[in-house]
There are 2 protein chains.
Amino acid sequence: MPTQTKENYLKAMYFLERKGSKIALTDLSKLLDVSTPTANSMVKKLQEDEWVIYQKYKPLQLTEKGRKAAALIVRKHRLTEMFLTKIMGFGWEEVHDIAEEMEHINSDALFDRMDELLGNPTVDPHGSPIPDKSGVLVSRNYEHLSDMSEGQRVRLCSMTDSSTELLVFLNSKNIKLGTEMDILKIESFDQSMIVSYNHHPSMMLSHEVCKRLLVEVVN
Amino acid sequence: MPTQTKENYLKAMYFLERKGSKIALTDLSKLLDVSTPTANSMVKKLQEDEWVIYQKYKPLQLTEKGRKAAALIVRKHRLTEMFLTKIMGFGWEEVHDIAEEMEHINSDALFDRMDELLGNPTVDPHGSPIPDKSGVLVSRNYEHLSDMSEGQRVRLCSMTDSSTELLVFLNSKNIKLGTEMDILKIESFDQSMIVSYNHHPSMMLSHEVCKRLLVEVVN
DNA sequence: AATATTTGTTAGATTAGTCTAACTTTTTAT
DNA sequence: ATAAAAAGTTAGACTAATCTAACAAATATT
Ligand SMILES: [Mn+2]
Ligand SMILES: [Mn+2]
Ligand SMILES: [Mn+2]
Ligand SMILES: [Mn+2]
């Protein structure tokens, strides 16, 4: 197993791969908050144990081995987040930083037990999918709330950004995963939406928020 | 806060202090499985932030600050062990290695929540005391089973060594914390004891085992 | 096509944590 | 009191992870 630092590099590369096709060194260095030379020398080292494929000036690539290792770290992260919320009673906005540390704990038994106590969950508290034990991640294709139309009824399933700020905002509006909302009106001027859900008959959500919420249409 | 490595040094010094008065560099290096020069250079660095007092050729000393930091790491370790056994269903022989990693997690909320879910326990699964939130450790004065006499009834409360091997051995004999035993006979030749407890009317325990078991006399 | 900008690389330095070899001080045994 | 043994220290080297400064290659803009 690589060091904690190297695990964070693999995980970062995995995220970049899963959203923007090519992995650019600059993106990696920004995501990890290190200088480009630092990231550059690290990917060269990661190549030595065949976690990544490195060729000068070419986009970075994860090997199968590197991708699997990364997925298993993500698995540990998301199982931990689920455990902290469902079993230990933390709020969804409190668990990320703890999981960021726990994901590096070397103990299959611990995470297997979490998985079991949680009943083999497939998504984390923010709706992100949990890779299975062999590192396979199946992600569903949700729609952005901002792309929906007036009159539709949708269910919140995930978000593109699970920052504490967004989660705290959603808490304040009583919006949770699974909350179903009716889109009453879309303001053409600023794309803000008026939605109705639970005991909130008329809530305004800005375009900035709607862009980040991933939903599925309820029939 | 110090690094994970430095935390392990502080904890090791804390253990040495709590049992053998003076902290010798050689003992520290053996406990941490590093060379003496490594330990030597580390204690010099620890002095810089006033975790320890270092004077050439003198026994090492923890500062108040260092002692408290160490106690709080031990607290996290033992709360974790308790959590893993009581809440997650692990055996007392499985938890130490996981706790060795979790003790470095930086989250008051996590350990406060464990403490709460456990009902503020005062001892870990091996009977070792848990320092309180301010780093105060109150340790009870138990007797070694090997020092008891024929005819006495004792309760297992702790052990001097909670190695996996001993714990697995005790499992195999159905001996747990709290198990009460009657000392039927002490073999003068090898100091082994014949004890009776639960459904085991006559169990032989070697001196090697008895030396490690800490008990209190039951009236 | 030439130039400017962005992206990536190299070189050289720094800090944390570790080692071995050689040496010194302290402690113990004779 | 001396010599031997144990404990502790110094010096010098190494790896992991990071940085800044300088430079090169690739890409985008005019
Ligand atoms: Mn997270
Ligand atoms: Mn991490
Ligand atoms: Mn332990
Ligand atoms: Mn540890």
Side-chain angles (χ1 to χ4, degrees), chain A residues 1-13 15-17 19-62 66 69-70 73 100-101 103-104 106, chain B residues 1-17 19-62 66 69-70 73 100-101 103-106:
Chain A
M1 285 298 115
T3 62
Q4 193 155 320
T5 305
K6 284 179 177 165
E7 288 190 341
N8 284 333
Y9 276 85
L10 291 178
K11 192 163 63 106
M13 288 179 70
F15 283 131
L16 292 173
E17 179 183 72
K19 81 165 136 142
S21 57
K22 303 291 180 196
I23 308 175
L25 185 71
T26 320
D27 293 344
L28 182 61
S29 77
K30 276 176 191 150
L31 192 52
L32 290 166
D33 200 32
V34 297
S35 68
T36 32
T38 296
N40 185 259
S41 82
M42 185 57 84
V43 293
K44 285 177 178 178
K45 283 181 208 153
L46 286 169
Q47 186 191 33
E48 287 164 24
D49 296 288
E50 298 183 291
W51 303 105
V52 309
I53 295 164
Y54 170 78
Q55 296 161 286
K56 270 195 191 182
Y57 299 107
K58 293 270 156 58
L60 304 171
Q61 284 180 267
L62 283 168
I73 298 161
E100 204 58 54
E101 297 191 51
E103 71 192 359
H104 304 291
N106 192 328
Chain B
M1 287 296 116
T3 63
Q4 194 155 320
T5 304
K6 284 179 176 164
E7 288 190 340
N8 284 332
Y9 276 84
L10 291 178
K11 192 164 64 112
M13 290 180 70
Y14 184 72
F15 284 131
L16 292 172
E17 180 184 72
K19 81 164 136 141
S21 55
K22 302 292 181 198
I23 308 175
L25 185 71
T26 321
D27 293 343
L28 182 61
S29 75
K30 277 177 191 148
L31 192 53
L32 291 167
D33 200 32
V34 296
S35 69
T36 32
T38 296
N40 185 260
S41 84
M42 186 58 84
V43 295
K44 286 177 175 177
K45 282 181 206 154
L46 285 169
Q47 186 191 34
E48 286 163 25
D49 296 289
E50 297 183 291
W51 304 106
V52 309
I53 295 164
Y54 170 77
Q55 296 162 285
K56 271 196 191 181
Y57 299 106
K58 293 271 156 58
L60 304 172
Q61 284 179 268
L62 283 169
I73 298 160
E100 204 57 54
E101 297 191 51
E103 71 192 0
H104 304 291
I105 287 175
N106 191 329

Considering only heavy side-chain atoms of T3(A), the closest of dT10(D), dA16(D), dT18(C) is dA16(D)
Would you say K6(B) reaches dG17(C)'s phosphate, i.e. side-chain N/O to OP1/OP2 under 4.0 Å? yes
What one should report as the nearest heavy-atom pair of M13(A) and I23(A) is O-CD1, 3.5 Å
Here the distance between atom P of dA24(D) and atom NZ of K58(A), to the nearest Å, is 20 Å
Closest to the side chain of M42(A), out of dA16(C), dA17(D), dG8(D), is dA17(D)
Interatomic distance, OG1@T5(B) vs NZ@K45(B), rounded to 0.5 Å, equals 9.5 Å
Looking only at dT18(D), dT18(C), dG8(C), the nucleotide nearest the V34(B) side chain is dT18(C)
In short, A24(A) meets L16(A) closest at the heavy-atom pair O-CD1, 4.5 Å
Q4(A) CD to dT18(D) P, in whole Å, measures 11 Å
| said: Any carboxylate oxygen within less than 4.0 angstrom of a Lys/Arg side-chain nitrogen, looking at E17(A) and K22(A)? | reply: no
Taken to the nearest whole Å, CG/L25(A) to P/dT6(C) is 16 Å
request  = Please work out if K44(B) contacts a base, only the sugar-phosphate, or nothing of the nucleic acid, heavy-atom cut-off 4.0 Å.
outcome  = sugar-phosphate
For E7(B) and E103(B) the tightest heavy-atom approach is OE1-O, 4.3 Å
Between CG of D27(B) and P of dG8(D) the distance, given in whole Å, is 8 Å
query = When you check the phosphate oxygens OP1 and OP2 of dA16(C), does a side-chain N or O of Y9(B) lie under 4.0 Å from one of them?
reply = no
To the nearest angstrom, the NZ-C1' distance between K22(B) and dG8(D) comes to 16 Å
To the nearest angstrom, the NE2-P distance between H104(A) and dA17(D) comes to 12 Å
5'-most contact on DNA chain D (nearest-nucleotide basis), T5(A) vs T36(B), goes to T36(B)
Winner on side-chain proximity to K56(B), out of dA26(D), dT9(D), dG17(C), is dT9(D)
Closest to the side chain of K45(A), out of dA7(D), dT9(C), dA16(D), is dA16(D)
Of all heavy-atom pairs linking L10(B) and A70(B), the shortest is O-CB, 3.6 Å
Separation of dA17(D) atom C1' from E48(A) atom CD, nearest Å, is 14 Å
Regarding the side chain of T38(B), the nearest nucleotide among dT18(C), dT26(C), dG8(C) is dT18(C)
Quiz item: With a non-hydrogen cut-off below 4.0 angstrom, is S35(B) in contact with a base, only sugar-phosphate, or nothing?
Solution: base
- Is there a side-chain polar atom (N or O) of Y57(A) under 4.0 Å from OP1 or OP2 of dT10(C)? no
Atom CG of D33(B) and atom P of dC19(C) are separated, to the nearest Å, by 8 Å
I want to check one thing: is the phosphate of dT7(C), taken as OP1 and OP2, less than 4.0 Å away from some side-chain N or O of T26(A)? no
